[in-house]
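For reference, the structure discussed in these notes is given below.
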Amino acid sequence: MAEMATKARAFQDFLDAKEIKAFVSETIENDPEETTVFRSHVEVDGQQLPLLVLLDRSIFSMIRVQISPKCKTEENELAVLKLANDLNLKYKPFKPLLRR
């Protein structure tokens, strides 16, 4: 079994201590960054949206929520991609830790 990075181990310990059972974890084999993926879902207006928490040895941590898992069709693909790109440009993926 692959070794968890320190952040992933701390997150798993937190989940265990709080008895949170909503996540399934998978540590990626032979990954030099020791990435662990924690999978779950978020319910919004009756829809279950896939949720991933990605933790590794880097300084970054990532939380991903797939907001449109079934909305894209052949007819609306360009409109959906344009909307996603517009939203990605509007919201910064990383926030500064210190403000001056």
Side-chain angles (χ1 to χ4, degrees):
M1 181 174 206
E3 191 68 28
M4 273 190 186
T6 303
K7 287 187 297 186
R9 172 54 46 212
F11 186 62
Q12 184 64 61
D13 291 345
F14 168 80
L15 295 174
D16 293 343
K18 298 294 182 180
E19 297 181 7
I20 298 171
K21 306 292 184 201
F23 288 90
V24 174
S25 67
E26 174 190 0
T27 301
I28 308 302
E29 294 288 335
N30 302 317
D31 178 23
E33 292 299 319
E34 299 174 357
T35 303
T36 300
V37 180
F38 292 86
R39 300 176 195 280
S40 189
H41 68 275
V42 178
E43 189 167 326
V44 178
D45 292 333
Q47 295 185 64
Q48 291 191 354
L49 305 179
L51 167 75
L52 298 175
V53 177
L54 299 140
L55 302 172
D56 60 22
R57 293 183 326 148
S58 73
I59 62 170
F60 300 103
S61 298
M62 187 180 310
I63 300 171
R64 296 178 68 181
V65 178
Q66 189 175 354
I67 59 171
S68 59
K70 296 182 181 177
C71 75
K72 188 176 80 169
T73 65
E74 282 187 34
E75 294 79 27
N76 70 6
E77 181 175 13
L78 288 176
V80 169
L81 293 175
K82 181 181 181 328
L83 175 63
N85 283 336
D86 289 347
L87 290 172
N88 283 337
L89 290 172
K90 184 177 179 182
Y91 299 103
K92 292 176 114 180
F94 302 104
K95 306 290 183 195
L97 296 176
L98 300 174
R99 297 184 188 259
R100 295 177 189 211

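The hydrophobic cluster containing L81 does not contain V65, counting ILVMFWY residues as joined when their side-chain heavy atoms lie under 4.5 angstrom apart, directly or transitively. Residues V44 and V80 are members of separate hydrophobic clusters, defined by side-chain heavy-atom contacts under 4.5 angstrom among Ile, Leu, Val, Met, Phe, Trp and Tyr. Linking ILVMFWY residues whenever their side-chain heavy atoms come closer than 4.5 Å, directly or via other members, leaves V24 and V37 in distinct clusters.
Side chain of R64 to backbone of P50: no donor-acceptor contact under 3.5 angstrom is found.
Scanning both residues, A22 and S40, for their nearest heavy atoms gives O-OG, 2.7 Å. The nearest pair of heavy atoms linking A8 to F38 is O-CZ, 3.7 Å. For the residue pair Q12 and S25, the shortest heavy atom distance occurs at OE1-OG, 3.6 Å. The nearest pair of heavy atoms linking S58 to E33 is N-OE1, 3.7 Å.
For I20, the CD1 atom counts as densely surrounded, since its 6.0 Å shell holds more than 12 non-hydrogen atoms of other residues, nucleotides or ligands.
To the nearest 0.5 Å, atom CG of residue N76 and atom CD of residue E74 are 10.0 Å apart. We find the CZ-OG1 distance between F23 and T36 to be 13.0 Å, quoted to the nearest 0.5 Å. M4 contributes atom CE, which lies 11.0 Å from atom CD1 of I28 (distance to the nearest 0.5 angstrom). Considering CG of L15 and NZ of K21, their distance stands at 9.0 Å, rounded to 0.5 Å. For the atom pair CG (D16) and CZ (R9), the distance works out to 7.5 Å, reported to the nearest 0.5 Å.
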Step by step, work out the salt bridge (charged side-chain N to carboxylate O under 4.0 Å, His left out) result for K90 and D86.
CA-CA 6 Å; K90 184 177 179 182; D86 289 347; over 6 Å; no

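Using a 4.5 Å cut-off on side-chain heavy atoms (C-beta onward), L52 and R39 make contact.
When each of L54, D56, V53, L55 is paired with S61, the side-chain contact (heavy atoms from CB on, under 4.5 Å) condition holds for L55 and for no other.
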